[in-house]
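Structure, as structure tokens:
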Amino acid sequence: MTTDTEARAARAGRFDPASYERRWRERWEADRLFHADDDDPRQKRYVLTMYPYPSGDLHIGHWYAAVGPDIVARLHRMRGENVMFPMGFDSFGLPAENAAIDRGIHPATWTYANIDRMRAQFRTMGCMFDWEREVVTSDPEYYRWTQWLFLQFYKAGLAYRAMAPVDWCPKDQVVLAREQVEGVDRRCWRCGTPVVKRDLEQWFFRITRYADELLNFEGLDYPEPIKAMQTNWIGRSEGAEIDFPVEAEGVDPIRVFTTRPDTVFGATFMVLAPEHPYVSVLTTPERQADVSAYVAAARRETEIERMSAEREKTGVFIGAHAINPMTRERIPIWIADYVLPGYGTGAIMAVPAHDERDYAFARAYDLPIRYVVLPRGGEPPEGQAFVAHTQDEVLVDSGEFSGMPAAEAIGAITRRLGELGLGGPAVSYKIRDWLVSRQRYWGAPIPIVYCPQHGAQPVPEEQLPVVLPPDVDFAPTGVSPLQSHAEFLAARCPECGGEARRETDTMDTFVDSSWYFLRYCSPRDEAAAWDPEKVAAWMPVDLYTGGAEHAVMHLLYARFFVKALRDMGLLAFDEPWLVLRNQGQILGMDHQRMSKSRGNVVAPDELVSRYGADTVRMFLMFIGPWDQGGPWNPTGIEGVHRFLGRVWSLAQAEPSTPAPSDELLGTPDEMARALRRATHSTIAEVTEDYSGFRFNTAVAKLMELSNAIGRARDAGLAGTDAYAEAVDTLLLLLAPIAPHIAEELWERRGHGYSIHDQAWPEADPELAVADTIELPVQVDGRLRDRLVVRRDTPAEEIERLALASEHVQRYLAGRPPRRVVQIPGRLVNVVTPGD
RNA sequence: GGGCGAGUGGCGGAACGGCAGACGCGCCGGCCUUAGGAGCCGGUGUCCGCAGGACGUGCGAGUUCGAAUCUCGCCUCGCCCACCA
């Protein structure tokens, strides 16, 4: 036995992935095997995975993220589709600049060295990336078109400049988008420093114009959590705007937004955000000192202090009054920092009886609380606001609306306000316009110049790209390093030709990533951002994969881009990707997110050199559901390596004399049929699993098939057609997940290059089913026996056999069963009469 | 505070409402070895055991012939959002 094994092993050669993996990768690349041809007439399939930031080295998480879509892309390719699976680098961004500050390396030097290293590391994965389509967003050939797109947004009125209170990271010395401020304590997403508010002139993209369309996910196959996150982020609220006239000459009423117009009769005071423009207009002289102090304090506060929900409510009375438009009562106007300047109208009608925040404020400042909505026949609750909004509340103390169900009153009161010219229905959103300017160097310069005569002027398209000058000072000063570069700064006004100053802010890197999937379609086009015909042919992306952490940033921005570009007539579709899948996150062994600062980053290199790329790929896919991720633990990689080693020897097994009939396994014919059954059911199952991103169970089924092949070999089937079919099928099914060994063994078995050009195997349903089945027999739902019967045994016969079982009879004790439940092909359940 | 997930052997994890624990790791035993940290074979949820049983999917109820799976209520953990009127 051992000597046989050794002899076979000697002929087959030792299983040594290092001896063939690199060789095959080089050959595939030299042959352009995985290059997607624009002119290929077959069905196109655009598979995309999020391109990485070139941080320095690939870690195990990059492998995990890339191998999943690679498997699916390869499956489609073997099914005869023209598959594009490109890769590139999101290479602008802050870390490069930090490297410049910390170590004196130019951002470009640092970035491109990292790209070179990571590109080489990427190649060791054996993914079918089409490197001929690579995009690098910091290349002038790329950001030229990022700038061009900015100009299109500008011309379309979707890019604008405004003074705004913005989130500012004091450590990185940069403005952040709202989406880049994280957590309850409002920290910078990059460095974790608490952010502060600053008023600055900034560039915005008008994403709010598309809020409603972005809420529509019809026809999109997204994970539910992503849809929920985007929906919550956009935060659409329906309600009413209501005007509260003020007691001051020549001042327009204060307009508020509320989702509860039914409670307007309970509005006993008003609260303005301290930033509200009316504060300075309405404050009475005797209140001026207190109000100014409060406003100044609010401005100094960081977001941390301001946003904390647990915080005591504070505010001051500004001395002025407004009129409740329904009760006609005179109500005091306060300012308080719990009213946010950016949401709704920056002013609220305070209804302490029906809003917890207003209630807390009223209690703190002894303001009147009036309940106007109550459960039918109920009493006002003791010591708290009544916010419940079920079906059964009615209005009380609300004039002509008293007695009306609250649900109905929302519409009725809103209509009445409209009739009175005091407001009407309104919709409010949490989402704000996207702040895209950054006071940083390593990004695409915003293509605008400022002329003393003509103001902000777009750089003419033929002058693009506005190139980053290489020689700047990188010390962090709070202004862009470009501001101290005289040559860059000096520009001509496109309108008058006079001296002008160039915009020194660069664009958020999320602008770069909002269109890179379009550039992949015609990556070397020098005349346009993309070739419309090629984009029409390839887009939209059929399958997009990446981390869920981009739910409200990249994924939302890119959807906005596509919709905006469609409305400019530049694209003819509505959504960038039709199917989205998120991989889980691979955590460090300490169960923390992998990061250099924690020192828990797992590099794949050592594993790859010890076991080969196929083993690492397969192990990563085997550890659990792909969308789940989890802490890294290399225990168990040996099992996957052993499996590939078994495939290695099974695929090269020498024909042996067929064994005689075996009492347990049957005749050689029966054994062959069993093997074919295993082969064909595995085809069906693995195909399903790959398509559904269930790679872990796919691997388990491949292992089961190889176990069956091993038993067949031991039974002497190695020379038979059934054996050859089983092994060749196993290799084909293995090709997407372990492309190197599949190719090597395919060749060794005398088939032509390349296995990756073979057709995906088809399962024969006739062969996949067994002639005899084993039926579990339950008594009262508990397993008591098993029946082995032919597949076509009639139900009456099965019932007879089941009742005849001594294990069943023991529980029936001679009584007739109350009933017998049969699920055809699944089980039999005998229900006893009971007591 | 709101929203969404998830709790199954020693471990990672399987399981259209129908045989709980597939597949693998680990562990135990055996074979082969000068050796085994290589390879191969067998066993492995817990408890009682001769056969054969009992108990088992975070906890408690319910629906069902039958529940890891569906419903309700708790507990724990994770993620996202959070003074959004």
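Just so it is clear: chains get the letters A, B, ... in the order the sequence lines come, proteins before strands, and each one is counted from 1.
Between A:Arg782 and the phosphate of B:C55, there is a side-chain N or O to OP1/OP2 separation shorter than 4.0 Å. Phosphate contact (OP1/OP2 of B:C40, side-chain N/O of A:Arg713, threshold under 4.0 Å): absent. In terms of phosphate contacts, A:Arg784 brings a side-chain nitrogen or oxygen within less than 4.0 Å of OP1 or OP2 of B:A54. Applying the 4.0 Å criterion to OP1 and OP2 of B:G53, one finds that A:His807 has a side-chain N or O inside that range. Contact between the side-chain N/O atoms of A:Gln628 and the OP1/OP2 oxygens of B:G13 is found at a separation under 4.0 Å. Between A:Arg810 and B:G52 there is no side-chain polar atom (N or O) within less than 4.0 angstrom of OP1 or OP2. For the pair A:Ser428 and B:A85, the criterion of a side-chain N or O lying under 4.0 Å from OP1 or OP2 is not met. Phosphate proximity of B:G24 to A:Asn707: present, with a side-chain N or O under 4.0 Å from OP1 or OP2. The phosphate of B:C19 has neither OP1 nor OP2 within less than 4.0 Å of any side-chain N or O from A:Arg786. Remark: A:Asn232 is not in phosphate contact with B:A82, judged by side-chain N or O atoms under 4.0 Å from OP1 or OP2. Regarding contacts with the backbone of B:A14, every side-chain N or O of A:Arg694 stays at 4.0 angstrom or more from both OP1 and OP2.
Nucleic acid contact class of A:Arg236 (heavy atoms, under 4.0 Å, all strands): none. Within the nucleic acid shown, A:Gln778 comes within 4.0 Å of at least one base atom, counting heavy atoms only. Across all strands, A:Ile623 comes closer than 4.0 Å only to sugar-phosphate atoms, never to a base (heavy-atom distances). A:Asn633 comes within 4.0 angstrom of nothing in the nucleic acid, heavy atoms only.
B:A68 and B:A61 are spaced 15 Å apart, taking the P atom of each and rounding to whole Å. Nucleotides B:C16 and B:A85 have their P atoms positioned 41 Å apart, rounded to a whole Å. B:G53 sits 26 Å from B:G60 when the P atoms are compared, rounded to a whole Å. A gap of 15 Å separates the P atoms of B:G13 and B:A22, to the nearest Å. Between B:C41 and B:G18, the two P atoms lie 33 Å apart (nearest whole Å). Taking the C1' atom of each, B:U69 and B:G58 are spaced 15 Å apart, rounded to whole Å. B:U57 and B:G7 have their P atoms separated by 14 Å, given to the nearest Å. Using P as the reference atom, B:U33 and B:U44 are 28 Å apart when rounded to the nearest Å.
Across the strands present, B:C55 finds its partner in B:G45; the criterion is a Watson-Crick or G-U wobble pair with both atom distances under 3.5 angstrom. If you check B:C83 for Watson-Crick or wobble pairing at under 3.5 angstrom, you find it has no partner at all. Pair assignment for B:G12: B:C23, on the basis of Watson-Crick or G-U wobble contacts that are both within less than 3.5 Å. With a cut-off of 3.5 Å on both pairing distances, the Watson-Crick or G-U wobble partner of B:G39 is B:C31. A 3.5 Å limit on both hydrogen-bonding distances identifies B:A61 as the Watson-Crick or G-U partner of B:U71. Using N1 to N3 plus N6-O4 or O6-N4 for Watson-Crick, or N1-O2 and O6-N3 for G-U wobble, each under 3.5 Å, B:C50 pairs with nothing. Nucleotide B:A6 has B:U76 as its partner under the Watson-Crick or G-U criteria, with both atom distances under 3.5 Å.
For the pair A:Lys313 and A:Tyr338, the cation sits on the ring face: its NZ or CZ lies under 6.0 Å from the ring centre, inside 45° of the axis.
For A:Gln592, the CD atom is densely surrounded, since the number of other residues' heavy atoms within 6.0 Å is greater than 12. Under a cut-off of 6.0 angstrom, the local environment of CD in A:Gln585 is crowded, with over 12 non-hydrogen atoms contributed by other residues, nucleotides or ligands.
In this structure, A:Arg260 atom CZ and B:C83 atom P are separated by 20 Å, rounded to whole Å. Atom C1' of nucleotide B:C80 and atom CG of A:Asn582 are separated by 12 Å, given to the nearest angstrom. Going from atom CD of A:Gln592 over to atom C1' of B:C79 covers 14 Å, rounded to whole Å. Counting to the nearest Å, the P atom of B:G37 and the CD1 atom of A:Ile637 are 21 Å from each other. Atom-to-atom, CD of A:Glu638 to P of B:G26 comes out at 7 Å; the value is rounded to the nearest Å. Nucleotide B:G18 holds its P atom 18 Å from the CG atom of A:Asp780, rounded to whole Å. At whole-Å resolution of the value, CG in A:Asp337 and C1' in B:A85 are 15 Å apart. Atom CG in A:Leu705 sits roughly 13 Å away from atom P in B:C23 (whole-Å rounding).
The residue among A:Gly781 and A:Glu774 whose nearest nucleotide of RNA chain B is located toward the 5' end is A:Glu774. Projected onto RNA chain B by closest heavy-atom contact, A:Gly346 and A:Gly624 fall at different nucleotides, the more 5' of which corresponds to A:Gly624.
At least one donor-acceptor pair closer than 3.5 Å links the side chain of A:Tyr359 to the backbone N or O of A:Gln384.
B:G52 has its base anti relative to the sugar, with a glycosidic angle deviating from 0 by more than 90°.
Using a cut-off of 4.0 Å between Lys/Arg side-chain N and Asp/Glu carboxylate O, A:Arg610 and A:Glu606 are scored as salt-bridged. Using a 4.0 Å cut-off between a side-chain N of Lys or Arg and a carboxylate O of Asp or Glu, A:Arg581 and A:Asp627 do not qualify as a salt bridge.
Within the 4.5 Å cutoff, the side chain of A:Ile683 has heavy atoms near those of the A:Leu733 side chain.
A:Lys313 contributes a side-chain N or O that forms a donor-acceptor pair with the base of B:C83 under 3.5 Å.
Aromatic ring orientation, A:Phe386 versus A:His354: perpendicular (interplanar angle above 60°, classes split at 30° and 60°).
Here the CE atom belonging to A:Met621 is positioned 10.5 Å from the OH atom belonging to A:Tyr690, to the nearest 0.5 angstrom.
In this structure, the nucleotide among B:G18, B:A14, B:A20 sitting nearest to the side chain of A:Thr697 is B:A14.
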